[in-house]
Amino acid sequence: MAFGKLGAMGRGFGTFGAFGGLSNNLIRYAPAIDQPIITSGGGAASFPTMTLHQMKRIGDNTTAVDMDNDTKFRYLGMPTGVLVPDAVNTMVVSSLMPGGTAQARTWDTQIEMLTSSKYIAMSWTPTVSTPLVLIMVNGKWVSAAFNATATAGSGSFVMLEFPDNRARRVKFITSGGNKIFGFRTELAYPPTRPTGNTTVAAMVGDSLSAGSGTPPTGATFLDVWPHAVANILGFDHCCNASIGGTKWVASGAGDVAVSHFGGGRITPLLTTNPTAIVFAGSRNDSNADQAALDAITSAVSAAMDAVSTVTKRFVMGTFTSLSQNAAVQAGAAAKSVPFVDMTYGLQAADLGGDSIHPTYQGAINLRTRIVPALRSAGCVP
């Protein structure tokens with residue numbers, strides 16, 4: 001059985017922004033009283049006797065988890081109906097995003113509970129031996145996302161040991177491809193579904209928002225800006241609907257055709273009832289002739305219409321200086337949606353070996369530039 005222990009600050013790459021700088025541009029971290037000792041490994045945890053609680057299924061347990069009526073867990077940041085059984089009465093897994101088939105891009109699994117249990121353990125079967133996890137307590141990060149220790153393709157656990165038995169709202173976020181069996185708590189402190197704290201920031205973008213590579217030379221889906229920026233701006237939850245390789249203008253056939261920013265992922269995204277939605281990009285709209293630029297402008301305007309029910313809508317342009325940026329701005333202006341110019345967002349020192357995607361530290365630098373720009377535009381809960 002393999003075990004790993006983690007302190008409060010997560011992985012040792014880059015600067016998390018917990019110290020120094022402007023306080024309103026920093027990650028909101030949980031205070032010491034809400035900081036657990038985190039232990040992870042393969043097999044079952046050897047800790048005090050605990051009771052297993054599983055997600056509520058619909059009907060015969062072969063259909064989606066009853067995300068809207070589960071009395072033990074809440075799934076804010078996940079579209080309704082995307083958490084489905086991997087096997088009857090056992091594990092659940094998050095489904096693919098529309099348009100995410102080519103890269104197996106699933107919706108991030110986000111499961112939250114309210115409990116006074118000193119011990120909380122996630123029982124799961126991750127796809128890799130170092131699965132990525134982000135844990136939040138009362139809406140604040142315990143640490144930056146960290147790599148748990150696990151047995152790939154076999155039963156594993158992530159255990160939290162808190163200082164005491166006070167009530168806490170605890171949330172686990174991980175890749176949707178990992179299979180979740182359930183959560184264990186002390187018998188006297190079963191989980192209940194939290195209420196309140198419902199603001200959701202939804203993010204739509206390409207690989208600069210979905211993640212590419214692994215630290216320190218790359219940044220994963222939990223290292224790039226969406227979840228961090230949502231946290232800093234004061235939102236309770238984040239739905240990151242970004243898919244690498246996508247763009248404003250639909251092209252090609254099959255998976256590529258539904259992957260554009262206004263495409264198939266918008267309908268499920270809206271079921272998260274976002275307080276705000278931010279579109280970001282895209283450099284993947286590589287053509288710069290006038291017809292291509294006009295098509296980008298039209299696509300931006302169409303996407304704004306598709307999310308017209310969301311009061312707070314924002315469009316960020318390309319993260320470097322490209323001619324497509326003005327076309328994106330024109331599309332936002334046509335619908336009176338705030339445009340946030342981020343042509344300075346990624347600088348040469350932020351980029352990895354492909355000169356396109358940021359390193360881990362570069363992703364942190366990008367988010368520190370995004371936060372004040374979005375805040376100034378009114379992107380707050």
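For the numbers below, each heavy atom of this structure counts, side chains included, while hydrogens, waters and symmetry mates do not.
Between the side chains of Q329 and N325, no donor-acceptor pair of N or O atoms lies under 3.5 Å. Looking only at atom types and distance, the side chain of H260 has no donor-acceptor partner in the side chain of T246 under 3.5 Å away. Judged purely by distance below 3.5 Å, without hydrogens or angles, the side chains of R166 and S116 never pair a donor atom with an acceptor atom. N287 and Q324 form no side-chain donor-acceptor contact under 3.5 Å, judged by distance and modelled atom types alone. A donor and an acceptor atom, one from each side chain of D294 and T297, are nowhere located under 3.5 Å apart. Defined by atom type and a distance below 3.5 Å, a donor-acceptor pair is missing between the side-chain atoms of D68 and Y75. S95 and W107 share no side-chain donor-acceptor pair at under 3.5 Å.
Judged by distance alone, the side chain of N178 and the main-chain N or O of T127 form a donor-acceptor pair under 3.5 Å. Judged by distance alone, the side chain of Q110 and the main-chain N or O of F172 form no donor-acceptor pair under 3.5 Å. S154 places no side-chain N or O within 3.5 Å of a backbone atom of T151 that could act as its donor or acceptor partner. Side chain of T368 to main chain of N365: a donor-acceptor pair is present (N/O by atom type, distance under 3.5 Å, no hydrogens or angles). Within the 3.5 Å criterion, the main-chain N or O of S242 finds a donor-acceptor partner in the side chain of R105. One N or O on the side chain of K171 and one on the backbone of L76 form a donor-acceptor pair closer than 3.5 Å. Between the side chain of D354 and the backbone N or O of H357, at least one donor-acceptor pair lies under 3.5 Å. The backbone N or O of G211 sits nowhere less than 3.5 Å from a side-chain atom of S207 that would complete a donor-acceptor pair. Side-chain atoms of S282 do not come within 3.5 Å of backbone N or O of A280 as any donor-acceptor pair. A donor-acceptor pair is defined here as one N or O able to donate and one able to accept, closer than 3.5 Å; no such pair exists between the side chain of S321 and the backbone of T343.
Taking all atoms of both residues into account, the shortest heavy-atom contact from D350 to G345 is OD2-O, 3.9 Å. When every heavy atom of G264 is checked against every heavy atom of P268, the shortest pair comes out as O-CD, 3.1 Å. Residues P131 and S129 share a closest heavy-atom pair of CD-C, 3.4 Å. Nearest approach of L160 to P36, heavy atoms of both residues: CB-CB, 3.9 Å. Residues W225 and V278 come closest through the heavy atom pair CH2-CG1, 4.1 Å. Of all non-hydrogen atoms in T220 and P215, the two that sit nearest each other are CG2-CD, 3.9 Å.
Interatomic distance, L134 CG to T174 OG1, rounded to the nearest 0.5 Å: 9.5 Å. Atom CG of residue D223 and atom CD1 of residue I364 lie 7.5 Å apart, to the nearest 0.5 angstrom. To the nearest 0.5 Å, atoms CG (D70) and NE2 (H53) are separated by 11.5 Å. I180 CD1 to F73 CZ: the interatomic distance, rounded to the nearest 0.5 Å, is 10.5 Å. Atom CZ of R193 sits about 13.0 Å away from atom CZ of R169, to the nearest 0.5 Å. Once rounded to the nearest 0.5 Å, the distance linking CD1 of I27 with CH2 of W141 reads 4.0 Å.
When hydrophobic clusters are built by joining Ile, Leu, Val, Met, Phe, Trp and Tyr residues whose side-chain heavy atoms come closer than 4.5 Å, directly or via intermediates, W124 is grouped together with I38. Two different hydrophobic clusters hold V200 and F279 under the rule that ILVMFWY side chains link at heavy-atom gaps under 4.5 Å. Taking hydrophobic clusters as Ile, Leu, Val, Met, Phe, Trp and Tyr residues chained together by side-chain heavy-atom distances below 4.5 Å, Y344 shares a cluster with L346. I277 and V328 end up in the same hydrophobic cluster when Ile, Leu, Val, Met, Phe, Trp and Tyr side chains are linked at under 4.5 Å. The hydrophobic clustering, which links ILVMFWY residues whose side-chain heavy atoms are closer than 4.5 Å, places I296 and V307 together.
R184 has its side chain out of reach of I120: every pair of non-hydrogen atoms, C-beta onward, lies at least 4.5 Å apart. Taking 4.5 Å as the limit, every side-chain heavy atom of M136 sits out of range of all side-chain heavy atoms of V170. You'll find the side chain of L83 reaches within 4.5 Å of the side chain of M78, heavy atoms only. Between R313 and M304, the closest side-chain pair of non-hydrogen atoms falls below 4.5 Å. In this structure the side chain of T272 reaches within 4.5 angstrom of the side chain of C239, judged on heavy atoms. Side-chain contact between Q54 and K72: absent, with no pair of heavy atoms (C-beta onward) separated by less than 4.5 Å. For the pair T217 and Y360, the minimum side-chain heavy-atom distance is 4.5 Å or more. Counting heavy atoms from C-beta on, the side chains of I111 and M122 never come closer than 4.5 Å.
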Check: V142 and Q35: side chain to side chain contact (heavy atoms under 4.5 Å, CB included), yes or no, with the steps?
Finding: CA-CA 6 Å; V142 165; Q35 287 285 347; 3.2 Å; yes
Next item on the list: Test ring pair (Phe, Tyr, Trp, His ring centres under 6.0 Å) on Y119 and F162 and set out the steps.
Entry: CA-CA 6 Å; Y119 301 95; F162 287 100; 9.3 Å; no
Item checked: side chain to side chain contact (heavy atoms under 4.5 Å, CB included) evaluation trace for F319 with L366 -> CA-CA 9 Å; F319 288 140; L366 173 60; 4.1 Å; yes
Next item on the list: Given side chain to side chain contact (heavy atoms under 4.5 Å, CB included), test T318 with M342 step by step and report yes or no.
Entry: CA-CA 6 Å; T318 55; M342 288 302 303; over 6 Å; no
Next item on the list: Go through the steps to decide whether W248 and F261 satisfy the test ring pair (Phe, Tyr, Trp, His ring centres under 6.0 Å), and finish with yes or no.
Entry: CA-CA 5 Å; W248 281 108; F261 286 4; 4.9 Å; yes
Next item on the list: Applying ring pair (Phe, Tyr, Trp, His ring centres under 6.0 Å), run through F339 and F314 and close with a yes or a no.
Entry: CA-CA 6 Å; F339 175 77; F314 304 88; over 10 Å; no
Margin query: Is there a salt bridge (Lys or Arg N to Asp or Glu O under 4.0 Å) between K118 and D164? Walk through the geometry before answering.
Written below: CA-CA 6 Å; K118 181 176 179 177; D164 57 24; over 6 Å; no
Next item on the list: Dump the intermediate steps for side chain to side chain contact (heavy atoms under 4.5 Å, CB included) on L233 and V371, then the final yes or no.
Entry: CA-CA 7 Å; L233 290 175; V371 166; 4.0 Å; yes
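The environment of NZ in K247 is crowded: more than 12 heavy-atom neighbours from other residues, nucleotides or ligands sit within 6.0 Å. At most 12 non-hydrogen atoms from other residues, nucleotides or ligands lie less than 6.0 angstrom from CG of L187. By the neighbour-count criterion of 12 heavy atoms within 6.0 Å, atom NZ of K312 is densely surrounded, having more than that number from other residues, nucleotides or ligands.
With D236 as the fixed residue, the side-chain contact (heavy atoms from CB on, under 4.5 Å) test singles out one of N197, N231, T275: N197.
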